[in-house]
J.: 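Structure provided below as structure tokens; questions to follow.
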Amino acid sequence: MLCMPSCSRFISCSQHNHSLRFGLHLHKQPLTLSFIHCGSHHHQMATSSFDFLAKKPYTPPSWASHLNPLPSHVFSLAHRPTPIHRWNLPNLPPNTELWLKRDDLSGMQLSGNKVRKLEFLMADAVSQGADCIITIGGIQSNHCRATAVAAKYLNLDCYLILRTSKALVDQDPGLVGNLLVERLVGAHVELISKEEYGRIGSVTLTNVLKEKLIKEGRKPYIIPVGGSNSLGTWGYIEAIREIEQQIQSEANDIKFDDIVVACGSGGTIAGLSLGSSLSTLKARVHAFSVCDDPDYFHNFVQGLLDGLNAGVNSRDIVDIQNAKGLGYALNTSEELNFVREIAAATGVVLDPVYSGKAAYGLLKDMSENSKKWEGRKILFIHTGGLLGLYDKVDQMASLVGNWRRMDVAESVPRQDGIGKMF
């Protein structure tokens, strides 16, 4: 990836926000965007034009070299470093700065936080001689979509086990959102009902499919839910190195006090919290869980940390709050309206399943516990998932009006053929 010249590292502009109304009294204030680019130096994981899809030996950050096992290789799948910019949402606590790291911009069809994990997982799959990938998730899983694309980039077949409702398990799943991309790239979709998923579990389901494919002469490689295992954790250990180097390249040497992110499978927060605690960053990681509960994720993250022989307690390095609301991938009208208002005010489109709920939870906590966040510099990680919004269009239709037929007066001259419709 080509870096901006040092004279262009900071870009700022001002505009006035519309008033947001997500349960708080909000007023108009200027929106100033300050961008942190990569400065004048490439770091080890930054990609040049010809590095994309290349597999390379991996060298960990010095502060993570004691972890074990260490990945041997990594693929270049994400466009990095992803930008960091100021995100001036209205009604923040006094002297609080909110910044946004745009991991939603890590790619297009292969995008979001899952790509960082897949860089390590796909390298392991290829090293083991796999000819196909198996993974599992919800019917609109961003991870499954990213895995399907990454697999085809690397000339591997992909098998997706997707969880859906009992009423829909025997029907064509359609082409909405992530499903469109998955099916376009030729992924093999296997549907399972939520009830069966709950009784059998993701590990057994992927192993059943693995055994079936082995009998057919295939060499499958299983990637767990969300790519969240100890190897996948390296994706966000590496992201911490990226953030660290982005900060070091800037003259103002900003120091983040907190990192905030959504949590859906645990691998992202494991990497962020471990990396931040080991590196010079030392920012406190706050996760907003969009499924299960904080105890489950503290225990799951502990297993990932133990798998790296990290020797740390998950409860010491990450705070986890419940933000699942009605349940995984289910939204209230208030949450969807929040996503709409943030987009209308700042141009940043949050997904409804992950970052939307995390941002909603963060601002709610800031409203209820203002002193906790006062004067803090916070980095919010946008984990992507834009395609998931397409699954919410029916719910959002009543929230977005702002259209009408254009009224053109009879006095405006008209002539057949004058308007070219290309």
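It should be emphasised that the depicted structure is a prediction, and the values quoted were computed from it without experimental measurement.
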J.: Inspect the contact between Asp295 and Arg315 and indicate whether a charged nitrogen and a carboxylate oxygen are less than 4.0 angstrom apart.
T.: yes
J.: About how many Å separate CD1 of Ile223 and CG of Leu231, when rounded to the nearest 0.5 Å?
T.: 9.0 Å
J.: Please assess Leu180 against Arg145 for the test side chain to side chain contact (heavy atoms under 4.5 Å, CB included), listing each intermediate value before the final yes or no.
T.: CA-CA 9 Å; Leu180 175 61; Arg145 179 255 308 155; over 6 Å; no
J.: Going by atom types alone, do Ser106 and Thr82 pair a side-chain donor with an acceptor below 3.5 Å?
T.: no
J.: Does His286 reach the main-chain N or O of Gln321 with its side chain, forming a donor-acceptor pair under 3.5 Å?
T.: no
J.: List the atom of Leu118, the atom of His143, and the distance in Å for their closest heavy-atom pair.
T.: CD2-CE1, 4.4 Å
J.: Nearest heavy-atom pair of Lys357 and Pro352: which atoms, and what distance?
T.: CG-O, 3.6 Å
J.: Specify the closest pair of heavy atoms between Trp234 and Pro69, including all atoms of both residues, with the distance to one decimal.
T.: NE1-O, 3.7 Å
J.: If you measure from the Lys or Arg side-chain nitrogens to the Asp or Glu carboxylate oxygens, is any gap between Glu242 and Arg116 under 4.0 Å?
T.: yes
J.: Under a plain distance cut-off of 3.5 Å, with no hydrogens placed, do Asp51 and Ser76 share a side-chain donor-acceptor pair?
T.: no
J.: Between Ser277 and Ser273, is there a donor-acceptor pair closer than 3.5 Å when you use the side chain of the first and the backbone of the second?
T.: yes
J.: Strictly below 4.0 Å, N to O, side chains only: are Glu238 and Arg241 in salt-bridge contact?
T.: yes
J.: Quick one: side-chain hydrogen bond (donor to acceptor under 3.5 Å, both in side chains) pairs with a partner in residues 384-403, sequence neighbours left out?
T.: Asn331-Lys392
J.: Report the distance from atom OG1 of Thr280 to atom CD of Glu244, rounding to the nearest 0.5 Å.
T.: 3.5 Å
J.: Got Cys144 and Asn178 here, is their nearest side-chain heavy-atom distance under 4.5 Å?
T.: no
J.: What distance separates Ile136 CD1 from Ile192 CD1, expressed to the nearest 0.5 Å?
T.: 7.5 Å
J.: Do the charged groups of Asp131 and Arg218 touch, with an N to O distance under 4.0 Å?
T.: yes
J.: Are the side chain of Glu335 and the backbone of Tyr360 linked by a donor-acceptor contact shorter than 3.5 Å?
T.: no
J.: Centroid-to-centroid, Tyr58 to Phe120, below 6.0 Å?
T.: yes
J.: Are the side chains of Met122 and Leu156 in contact, using a 4.5 Å heavy-atom criterion?
T.: yes
J.: Is a donor on one side and an acceptor on the other found under 3.5 Å between the side chain of Lys255 and the backbone of Leu281?
T.: yes
J.: Using every non-hydrogen atom in the two residues, find where Asp104 and Gly384 come nearest and quote the distance to one decimal.
T.: CB-CA, 3.5 Å
J.: Supply the atom-to-atom distance Thr268 OG1 to Lys114 NZ, rounded to the nearest 0.5 angstrom.
T.: 5.5 Å
J.: Does the pair Asp172/Arg183 count as a salt bridge with the N-to-O cut at 4.0 Å?
T.: yes
J.: Would you compute the distance between atom OG of Ser276 and atom CD1 of Ile269 and round it to the nearest 0.5 angstrom?
T.: 13.0 Å
J.: Minimum heavy-atom separation for Ile134 to Pro220, with atom names?
T.: CD1-CB, 3.8 Å
J.: Any idea which heavy atoms bring Trp63 and Ser279 closest together, and the distance?
T.: CE2-CB, 3.4 Å
J.: For the backbone of Ile139 and the side chain of Thr164, can you confirm whether one donor and one acceptor N or O come within less than 3.5 Å of each other?
T.: no
J.: Quick check against the 3.5 Å criterion: does Glu374 have a side-chain atom that pairs as donor or acceptor with the backbone of Pro93?
T.: no
J.: Is the centre of the His382 ring less than 6.0 Å from the centre of the Trp87 ring?
T.: no
J.: Could you measure the distance from the CG atom of Leu379 to the CD1 atom of Ile247? Nearest 0.5 Å is fine.
T.: 7.5 Å
J.: Output yes when a side-chain donor or acceptor of Arg163 lies under 3.5 Å from a complementary backbone atom of Tyr197, and no otherwise.
T.: no
J.: Among residues at least two apart in sequence or on other chains, which ones pass side chain to side chain contact (heavy atoms under 4.5 Å, CB included) with Lys324?
T.: Asn322
J.: Testing Asp257, Asp319, Asp258 for side-chain hydrogen bond (donor to acceptor under 3.5 Å, both in side chains) with Arg284, which one passes?
T.: Asp319
J.: Kindly say whether Ala343 contributes a backbone atom to a donor-acceptor pair with the side chain of Thr346 at under 3.5 angstrom?
T.: no
J.: Passes side chain to side chain contact (heavy atoms under 4.5 Å, CB included), Val261 versus Tyr236? Steps please.
T.: CA-CA 12 Å; Val261 69; Tyr236 271 86; over 6 Å; no
J.: Check whether Ser230 reaches the backbone of Leu304 with its side chain - one donor and one acceptor, N or O, closer than 3.5 Å.
T.: yes
J.: For the residue pair Glu211 / Asn207, report whether a side-chain donor-acceptor contact shorter than 3.5 Å exists.
T.: no
J.: Counting N and O atoms only, with roles assigned by atom type, does the side chain of Glu119 sit under 3.5 Å from a partner on the main chain of Ala78, one being a donor and the other an acceptor?
T.: yes
J.: Please tell me whether Lys55 and Ser127 have a donor and an acceptor in their side chains that are separated by less than 3.5 angstrom.
T.: yes
